[in-house]
> 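Below you'll find the structure I mean.
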There are 2 protein chains.
Amino acid sequence: MSTQAPAPTRREQILKEAARLFAERGFHGVGVDEIGAAVGISGPGLYRHFAGKEAMLAELLVGISGRLLTGGKRRTAEATEAGDAPAALLDSLIEGHIDFALDDRPLIILHDRELDRLRDTDRKLVRSLQRQYVELWVEVVRQVYPGLTEAEARACVHAVFGLLNSTPHLGRPGALPGREATAALLHRLALGAFGAAHDADGRAHASDALDR
Amino acid sequence: MSTQAPAPTRREQILKEAARLFAERGFHGVGVDEIGAAVGISGPGLYRHFAGKEAMLAELLVGISGRLLTGGKRRTAEATEAGDAPAALLDSLIEGHIDFALDDRPLIILHDRELDRLRDTDRKLVRSLQRQYVELWVEVVRQVYPGLTEAEARACVHAVFGLLNSTPHLGRPGALPGREATAALLHRLALGAFGAAHDADGRAHASDALDR
DNA sequence: CGTCGTGGTTAGTGGTCGTTAACTCGACAC
DNA sequence: GTGTCGAGTTAACGACCACTAACCACGACG
């Protein structure tokens, strides 16, 4: 019960502020002095907690990729155990990803923006986690929409990630009414996209969707 | 007819390579020497063509934002003149954006990634062009789906941009068969997303889409 | 044939930035 | 009390980098 009130440790403070700054101005655009200043200490004091600037980015990226994958696996396991239909699992995955996109905007930005600033070893780890997460989605999508080839399903998943991760581009105050409304809207959009991928697989230009 | 074979001038060469490098490693991650080397000259020779590194980025971002907006306006004018339905215009806008996303990947990446590295004056100009482009879409979307509020329509447009701009994340060789297939798939996904935003506006959770 | 603009070159400069070194200071163990 | 350790501090160093200076080649042109 002592662990439930997060009691933000120094490390976590630093990581949080670093994520915000990296997302705002880019990895190379923010100096260690700024990160230190953001948590009340100055400059090289950070080196008591991290091996270097890059180590912070690595921990952030590994952390988010890992949590996305873990969450996805957990939801898959729960759905399998409960005997849910694949469509319900896909729903659950979408919901989980939306929660992430809405609650951890800076991390979502970093996640596909600053990956190349990592050392080879860290980058490979992050890419592996990301790939597993994508594959998790691809499998579910193909169960829900069996007409899709694997390549199509993967492209759809990437596209829907782009859709769901678009939240940072909405003005900071949020032009949308509230969090719930935004989440519901994104959920509908994602499902609509997947559904459109499914129907009329082969040729089928826009015309058949236009005369709704 | 001498102008039709582009005859890539030095400036254009530099801009093209700079766009590629900026997209790969970020604005601060690439040095002027690298950009020079990419076009066969070295280092400060670039300053015969540009006022500075930032001027290159500014020209790239203003260029892409301007071309997107111009293309959108042209399509709108054509559709209005031809008396086309709003749905056909939306189709045309989607097609134009997809062409851009598939043909100018580095610029698409820069477009929403490095905007904050510009001087105030340039950044305001780019943002203004981007805003006009979004508003163009929002108007058309609201004509096609009158049930949407303006805020909802704007969120949908941003989300669909995220979807369409996801192409850079697909592996370089392109997991998809060909360009045409990818374009068609993205087109369907975008229309599906818009359509899903429209139907069941209020509450309407995923359930009604699940029992397809 | 001079001269002048264009598009290069190399060397240098000032500033920034990540990282390390050396030191301080309080908390706690024994 | 004394020693140790964790967590800061300031100062300095070395690398990098955008940009400038000074110089050069050469084609056009009168």
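Convention: sequence-line order gives letters A, B, ...; per-chain numbering from 1.
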> Could you run through nucleotides 17-22 of chain D and give me one letter per nucleotide, 5' to 3': B if any protein heavy atom sits under 4.0 Å from the base, S if only the sugar-phosphate is that close, - if neither?
-SBB-B
> Check the phosphate of D/dG6 against A/R10, side-chain N and O only, distance under 4.0 Å to OP1 or OP2. Yes or no?
no
> Rounding to 10°, can you tell me the angle the first-five-pair axis of the helix from C/dC1-D/dG30 to C/dC30-D/dG1 makes with its last-five-pair axis?
10°
> Could you state the CD1-P distance from B/I35 to C/dG8, rounded to the nearest angstrom?
15 Å
> Where the side chain of B/E12 meets the backbone of B/T9, is there a donor-acceptor pair that is under 3.5 Å apart?
yes
> Look at the aromatic rings of A/F194 and A/W137 and report parallel, tilted or perpendicular, splitting at 30° and 60°.
tilted
> Between atom CD1 in A/I41 and atom C1' in D/dG8, what is the gap in whole Å?
7 Å
> Just do the side chain to side chain contact (heavy atoms under 4.5 Å, CB included) check on B/R10 and B/Q13 with the steps written out, would you?
CA-CA 5 Å; B/R10 249 298 127 91; B/Q13 267 188 66; 3.7 Å; yes
> With no hydrogens and no angle check, is any side-chain donor or acceptor of A/E114 less than 3.5 Å from a backbone partner on A/F27?
yes
> Is a donor on one side and an acceptor on the other found under 3.5 Å between the side chain of A/E152 and the backbone of A/T149?
yes
> Indicate yes or no for a side-chain donor-acceptor contact from A/K73 to the backbone of A/L136 under 3.5 Å, with no hydrogens or angles considered.
no
> Look at the side-chain N and O atoms of A/H49 and state whether any lies under 4.0 Å from the OP1 or OP2 oxygen of D/dG8.
yes
> Does the separation of the ring centres of B/H169 and A/F161 fall below 6.0 angstrom?
no
> Starting from C1' on C/dC17, measure out to CZ on A/R25 and report it in whole angstrom.
14 Å
> B/R11 CZ to C/dT6 C1': how many Å, rounded?
15 Å
> Please say whether the positively charged group of B/R11, taken as NZ for Lys or CZ for Arg, lies over the ring of B/F50, i.e. under 6.0 angstrom from the six-membered ring centre and within 45 degrees of the axis.
yes
> I need the CG-P distance between A/L46 and C/dT20, as an integer number of Å.
13 Å
